[in-house]
Amino acid sequence: MTMTSARRRSHLSFTRFTIAKPHPRVNRLNCTAAVVNFNYRQHQQTPRRWQTIALTLHSHPTHQVAVNFSIDLRSVAVKKIHSDVNIAVELGMLAAEKMDVHHGGIRGLHERNVEEFMDARSGADDLVNGNNLVDAEGVKVRTVKLLASQNVGFESLPVQFVNKATKAGFVFNVLVIGETGIGKSTLINSLFNYDFKLPPGDYQHDSVTLDKHAFQLEEGSVRLHLTIIETKGYGDQLNMTDSCQGIVEYIDKQYEAYFQEESQVVRRLSDYKDTRIHVCLFLLAPTGSNVRALDLECMKLLSNKVNIIPVIARGDSLTKKELDSFKRRIMAEIHQHKISIYSFPEDDGQVADLNRKMNADVPFAVVGSSEVHEVAGHKARARVYPWGIVDIENEAHCDFTRFREALLRVNMDHLMQTTNLRHYEVYRDRRMTELGYGENEPQNFMETITRLRQTNEQKYRQKEEETRTSFVNKVREKEAELKERERELHSQFEHRKAEFSDHVLEINTQQSALQKEVEIFHRVKSELVNSQAGTIKGSKKK
């Protein structure tokens, strides 16, 4: 928006506007140089969108005399609210020709040029309304509002920021938790209206694992680096004690990686690919009764680490009455177990009403579909049943449209900021405390280094002494154990030696007896041989 001053017959200084469509999140631009308030509203109540500009021209700061009018950019006509105002409008340009104020007594006060008033005001703004702003060092801060003729160019900072951010692209990391077959991949495909062809899950998992998929998406001139992390095997094991531990460790690992990069002497955060989880979509089975104990335990562990949005999967499997009752029961159990889930911000006036309605819909009951069907004369993602068709984008069928609106269109940036300013800060504070940088510690770097060195030296000395004592005790225990073992071996040796001696003696005795038997055998044999020889000789003589 560029501005050039033009003097009119009423001696008032107005402003010419070249109107460009502001950023969707910007609905108010204050043009203080000409005392003009420019309000931008974008209406979405009807399929045909239009823009309306409401302008308030303040003619005097003290009497607050103003002329209000609105402009519909779809036409050249101007709707007057009050006062006689003749305005010529071209699309994208407004020229304030003249303004007649029906207050004769006040007209004399308007003879002074607004620029003269602004000159006087620019040096006295710090005295108005008791402005006592000071900086961190106690120096008084004066508020100075520059005139249009004094424009130096820093009003383009928001444009520079938007251009830089658009060029760099954005990062969004989504963690989807749910049991196998509940529809995690289908929900992601429906959210981004694209088939990512994520691999289907199975039940052949001994433990919970995480599958990571990265995509580079482009919508208009905006690039989004999307990372999807899906759980595999969650809730499928008989022993589900450690089902959430792997998920917690993964989230902490991403925080630690960012913390290490942030703590480097030479940091390259501008080139760093942020892997911290920005949102956790926790899919709950549509049981219609209570939430599983495993889901409550897992949400409890993750509630202070990530933005959790509970989602009821397969929302078309319950009736409207059953669904409302199930939602109330889920929220009651979440509050009962003191689980902190993500709440859409209601402090932003632009989206407060919308987010208030979104918070009332939590947990969202969604239906996902990878199939496109003809529904009421247009193509839409839907699920076809024998009794009819469920259009996932029909708010009468499910909460999918409101869920996608709240997640991607309205609060994506807030999810990123909450991750960075809340959850990561909690992790960073804990890590800094572990490293000795507590809140009540001195902020001087050298003092901190000296204190940490002394503390670590003391810890090392204590650890060394403990290690030495432990080593000596272990050596003594080992010596006593070896001596005891030696005594046992010696006793066993003496016992075996005695047994061996007895055995040798017994063998010697048996050997002596055997030798005697052998001698007797040889003697008997000799006698028998001699006897047989004599018998043979006697028979020959005969």
S.K.: What's the verdict on side-chain hydrogen bond (donor to acceptor under 3.5 Å, both in side chains) for His423 and Asn307, showing C-alpha distance, side-chain angles and the deciding distance?
M.R.: CA-CA 8 Å; His423 298 296; Asn307 300 314; 2.9 Å; yes
S.K.: Please check: side-chain N/O of Ser325 versus main-chain N/O of Glu322, any donor-acceptor pairing under 3.5 Å?
M.R.: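 Not at all, since once roles are kept as given, no pair shorter than 3.5 Å links the two residues.
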S.K.: Tell me whether Arg276 forms a cation-pi arrangement with Tyr258, defined as NZ or CZ under 6.0 Å from the six-membered ring centre and within 45 degrees of its axis.
M.R.: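 Yes, Arg276 and Tyr258 form such a contact.
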S.K.: Side chains of Tyr385 and Arg383: any donor to acceptor distance under 3.5 Å?
M.R.: yes
S.K.: Taking the side chain from Gln216 and the backbone from Leu226, do they hold a donor-acceptor pair closer than 3.5 Å?
M.R.: no
S.K.: If you take all heavy atoms of Val208 and Tyr234, which pair is closest and at what distance?
M.R.: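 Minimum heavy-atom separation between Val208 and Tyr234: CG2-CA, 3.8 Å.
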S.K.: Taking atom CE of Met416 and atom CG of Asn411, what is their separation to the nearest 0.5 Å?
M.R.: 11.5 Å
S.K.: Taking NZ, NE, NH1 and NH2 as the nitrogens, is one of them in Arg402 or Glu395 under 4.0 Å from a carboxylate oxygen of the other?
M.R.: yes
S.K.: Could you go step by step and tell me if His335 and Glu333 meet the side-chain hydrogen bond (donor to acceptor under 3.5 Å, both in side chains) rule?
M.R.: CA-CA 5 Å; His335 293 316; Glu333 294 190 9; over 6 Å; no
S.K.: What verdict does the side-chain contact (heavy atoms from CB on, under 4.5 Å) test give for Ile229 and Ile277, after you've listed the backbone C-alpha separation in whole Å, the side-chain angles of each residue and the deciding distance to 0.1 Å?
M.R.: CA-CA 9 Å; Ile229 302 96; Ile277 302 299; 3.6 Å; yes
S.K.: For a 4.5 angstrom cut-off between non-hydrogen side-chain atoms, does Ile228 reach Lys212?
M.R.: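 Of all side-chain heavy-atom pairs linking Lys212 with Ile228, none is under 4.5 Å.
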S.K.: Roughly how far apart are Leu323 CG and Lys327 NZ, rounded to 0.5 Å?
M.R.: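 Answer rounded to 0.5 Å: 5.0 Å.
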S.K.: Measuring from Cys280:SG to Ile309:CD1, what's the distance to the nearest 0.5 Å?
M.R.: 9.0 Å
S.K.: Can you see which heavy atom on Asp316 is nearest to which on Val367, and at what distance?
M.R.: N-CG2, 3.5 Å
S.K.: Tyr342 and His414: aromatic ring centres closer than 6.0 Å?
M.R.: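 Centroid distance Tyr342-His414: below 6.0 Å, so yes.
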S.K.: Can a donor-acceptor pair be found, under 3.5 Å and without considering hydrogens, that links the side chain of Asp391 to the backbone of His397?
M.R.: no
S.K.: Scan side-chain atoms only and decide if Gln245 and Tyr250 contain a donor-acceptor pair under the 3.5 Å cut-off.
M.R.: no
S.K.: Calculate, to the nearest 0.5 Å, the distance between atoms CD1 and CD1 belonging to Ile341 and Ile334 respectively.
M.R.: 4.5 Å
S.K.: Side chains of Thr401 and Glu393: is there a donor and an acceptor less than 3.5 Å apart?
M.R.: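 On atom types as modelled, these side chains do not qualify, holding no pair under 3.5 Å.
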S.K.: Would you give the length of the straight line joining atom OG of Ser303 to atom CG of Leu296, rounded to the nearest 0.5 angstrom?
M.R.: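 The CG atom of Leu296 is 11.5 Å from OG of Ser303, to the nearest 0.5 Å.
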S.K.: Taking all heavy atoms of Thr186 and all of Ser370, pick out the closest pair and write down the distance.
M.R.: CG2-OG, 3.8 Å
S.K.: Donor-acceptor pair, Asn359 side chain versus Ser343 backbone, under 3.5 Å?
M.R.: no
S.K.: To the nearest 0.5 Å, what is the distance between CZ (Arg314) and CG (Leu187)?
M.R.: 12.0 Å
S.K.: Is any side-chain N of the basic residue among Lys253 and Glu256 closer than 4.0 Å to the acidic one's carboxylate O?
M.R.: no
S.K.: Are Phe192 and Leu408 close enough, and set up right, to give a side-chain contact (heavy atoms from CB on, under 4.5 Å), and what steps lead you there?
M.R.: CA-CA 9 Å; Phe192 294 93; Leu408 302 181; 4.1 Å; yes
S.K.: Do Glu297 and Arg292 have side-chain heavy atoms sitting under 4.5 Å apart?
M.R.: no
S.K.: Are Met432 and Phe259 packed together at the side-chain level, in the sense that at least one heavy-atom pair is separated by less than 4.5 angstrom?
M.R.: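 They are in side-chain contact.
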S.K.: Would you sort out whether Asn189 and Arg381 count as a side-chain hydrogen bond (donor to acceptor under 3.5 Å, both in side chains), showing the intermediate values?
M.R.: CA-CA 10 Å; Asn189 293 339; Arg381 289 179 177 265; over 6 Å; no
S.K.: What is the minimum heavy-atom distance between Ala365 and Gly315, and which atoms define it?
M.R.: CB-CA, 4.3 Å
S.K.: Would you sort out whether Tyr272 and Val171 count as a side-chain contact (heavy atoms from CB on, under 4.5 Å), showing the intermediate values?
M.R.: CA-CA 11 Å; Tyr272 180 76; Val171 177; over 6 Å; no
S.K.: For Ala382, is there any backbone N or O sitting under 3.5 Å from a side-chain donor or acceptor partner on Ser369?
M.R.: yes
S.K.: Determine whether the aromatic ring centres of residues Phe170 and Phe172 are separated by less than 6.0 angstrom.
M.R.: no
S.K.: Provide the closest heavy-atom pair for Thr287 versus Asn290 in the form atom of the first, atom of the second, distance.
M.R.: OG1-O, 3.3 Å
S.K.: Could you check Tyr255 against Gln260 for side-chain hydrogen bond (donor to acceptor under 3.5 Å, both in side chains), going step by step and ending with a plain yes or no?
M.R.: CA-CA 9 Å; Tyr255 286 145; Gln260 293 298 331; over 6 Å; no
S.K.: Taking all non-hydrogen atoms of both residues into account, name the closest pair between Pro199 and His213 and its distance.
M.R.: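 Closest approach of Pro199 to His213: CD-CE1, 3.5 Å.
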S.K.: Which residue pairs pass the salt bridge (Lys or Arg N to Asp or Glu O under 4.0 Å) test with at least one member in residues 218-235, sequence neighbours excluded?
M.R.: Glu230-Lys232
S.K.: Is the side chain of Asp295 donor-acceptor paired with the backbone N or O of Val291 at a distance under 3.5 Å, no angle test?
M.R.: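 No, Asp295 side chain to Val291 backbone: no donor-acceptor pair under 3.5 Å.
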S.K.: Got more than 12 heavy atoms from elsewhere within 6.0 Å of CZ, Phe196?
M.R.: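 Counting other residues, nucleotides and ligands, CZ of Phe196 exceeds 12 neighbours.
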S.K.: Of Ile182, Ile177, Thr231, which is the lone residue that meets side chain to side chain contact (heavy atoms under 4.5 Å, CB included) with Leu283?
M.R.: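 That would be Ile182.
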